[in-house]
Structures are given as C-alpha cells and as structure tokens.
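The next block holds one structure in the form of structure tokens; read it before the comments.
Note: hydrogens, waters and symmetry copies are ignored here, and every other heavy atom, side chains too, is used.
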Amino acid sequence: SSAVTMFSEGDLGVLPPLGVYDPLGLIETRNMYRYECMEIKHGRAAMLGFLHVVLIHAGVRFPGYLSPSAGLKFADVPVGCFASLEALPTAGWLQIM
C-alpha cells in the first residue's frame, strides 16, 4: 500500500503520529472532495432539522396552509414527533420521498 500524499501535516483529519487514518485504503480509490461536500451538506440538514424541532416546541409556526386541498394549516400540526408525522397528508409524504 502506497502512502497517501494528498494530505500534509497539520491538515484536518491527519492524526499524529499515525497520519491519515484510512485502514481500508479507501482514500486512494474515491474522490474524497465529494464525500467532504456531502458531509457538510448532511451536517447542515441535520442542524436545520434540530432548529426546526426547537422552533416547533417553542410555538413558532409558518402562516398559511401546509396542504390547501386538505385544509391543513401549519398551525394545526401537533407538536409531538409521531403526531406531527401522522398529521402529514400522504401526498406530502410522496413529495418528500
């Protein structure tokens, strides 16, 4: 196995005295920039999800309708996790998926 040369001492992820921790050798076979971008995007989505939960429990609601055809307003959606998931219409679930 050849040494990874795309990292230098002091870079994030380089752990002294081991260097880059890659026991399976995946860095050499994959585009790590893509994975770094995906990790940042998923981290931001997780932070927005957490912020959403905090705001919902604080009583913050968007004005208007979540589903105009079903007559469901954002203010009508319950606070609990499973209760709010059950209140979402099937068409909304299909749009998410």
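- Nearest approach of Pro78 to Ala87, heavy atoms of both residues: CD-CB, 3.8 Å.
- Atom NE2 of His52 is separated from atom NE2 of His57 by 8.5 Å, given to the nearest 0.5 angstrom.
- To the nearest 0.5 Å, the span separating CG on Asp76 from CG on Leu66 amounts to 9.0 Å.
- The distance from the CG atom of Leu55 to the CZ atom of Phe50 is 10.0 Å, given to the nearest 0.5 Å.
- Residue Leu51 is grouped with residue Val60 when hydrophobic side chains (ILVMFWY) are merged at heavy-atom distances under 4.5 angstrom, including chains of intermediate members.
- The shortest side-chain heavy-atom distance between Ser84 and Ile56 does not fall under the 4.5 Å cut-off.
- In this structure, Phe62 is a member of the same hydrophobic cluster as Val77, with clusters built from ILVMFWY side-chain heavy atoms closer than 4.5 Å.
- Linking ILVMFWY side-chain heavy atoms closer than 4.5 Å, directly or via other members, places Leu72 and Phe82 in a single hydrophobic cluster.
- Phe74 and Leu88 fall within a single hydrophobic cluster, where Ile, Leu, Val, Met, Phe, Trp and Tyr are joined by side-chain heavy atoms under 4.5 Å apart, directly or via other members.
- Here the side chain of Arg61 pairs no donor or acceptor atom with the backbone of Lys73 at under 3.5 angstrom.
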